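See below for the structure under consideration.
Note that this is a predicted model, so its numbers are computed, not measured. When reading the values below, keep in mind they use all heavy atoms of this one structure, side chains included, and skip hydrogens, waters and symmetry mates.
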Amino acid sequence: MKDIYKKYWWEFLLVLASLSYSFEWYFVRNLSENGFSSVEITFWRLFFASLIIFFFFLFFDRESLKFKTIRKSDLKLLFVFTLLAILANTAFNTAITNTSVANVLILIYLWIVWWFLFGVLCFKEKASIKKFLYIFL
């Protein structure tokens with residue numbers, strides 16, 4: 001099982017991300033109509049996503065749960081990116097509840113293409129057919 005995990009790690013993340021974003025707008029709208037704020041929705045998502053990731057690594061790769069393998073500079077960067085992700089998700093939840101879902105989802109799904117182009121042009125990543133297929137999926 002661990003061999004499959006190591007071989008298909010990125011494909012697993014792609015499927016998990018696809019499933020999590022498929023009907024996200026529907027749940028965010030329903031939760032906001034039932035009295036939850038965008039910040040509350042963000043923190044509940046953060047809590048459940050952290051639990052899923054923790055149990056996944058607990059089951060498949062316990063070595064990565066040890067904090068001594070993470071450098072302090074990486075922890076600072078992880079903290080900054082976590083704050084940015086919380087702010088971005090709160091803005092996304094606010095946009096989903098107050099504007100047209102179609103407009104928001106078009107912008108969100110276009111970021112996949114923009115980040116790919118950004119990686120190729122700025123970070124000199126190699127473009128491949130496999131990456132194009134993942135973007136298409």
Give a yes or no answer on whether the side chain of E33 reaches the backbone of N30 with a donor-acceptor pair at less than 3.5 Å.
-> no
Quick check: does any side chain N or O of T99 sit under 3.5 Å from a backbone N or O of I96, one acting as donor and the other as acceptor?
-> no
For residues N93 and N89, is any side-chain donor paired with an opposing acceptor at under 3.5 Å?
-> yes
Spell out, yes or no, whether V113 and V120 are grouped together once hydrophobic residues are joined by side-chain heavy atoms under 4.5 Å, including indirect joins.
-> yes
Is it true that atom CZ of F36 has more than 12 heavy atoms of other residues, nucleotides or ligands lying nearer than 6.0 Å?
-> no
What's the spacing between F81 CZ and I86 CD1 if we round to 0.5 Å?
-> 14.0 Å
Could you go through the side chain to side chain contact (heavy atoms under 4.5 Å, CB included) check for W114 and L117 one step at a time?
-> CA-CA 5 Å; W114 292 121; L117 293 175; 4.0 Å; yes
Are L46 and V39 linked, directly or through other ILVMFWY residues, by side chains that come within less than 4.5 angstrom of each other?
-> yes
Polar contact flag, side-chain donor to acceptor under 3.5 angstrom, S38-T94 | yes
Atom pair OG1 (T42) and CD (E40), whose distance is rounded to the nearest 0.5 Å = 10.0 Å
Above 12 or not: heavy atoms from other molecules or residues under 6.0 Å from CG of L133?
-> yes
Separation between CG of L31 and OG1 of T97, rounded to the nearest 0.5 Å = 11.0 Å
Should F55 and W44 be counted in the same cluster of Ile, Leu, Val, Met, Phe, Trp and Tyr side chains packed under 4.5 Å apart?
-> yes
Determine whether F118 and L110 fall in the same hydrophobic cluster, where Ile, Leu, Val, Met, Phe, Trp and Tyr are linked whenever their side-chain heavy atoms lie under 4.5 Å apart.
-> yes
Is a side-chain N or O of K131 found less than 3.5 angstrom from the main chain of K126, in a donor-acceptor match?
-> yes
Interatomic distance, F27 atom CZ to I41 atom CD1 [nearest 0.5 angstrom] | 12.0 Å
When hydrophobic residues are tied together by side-chain contacts of less than 4.5 Å, even through go-betweens, does L84 share a cluster with L107?
-> no
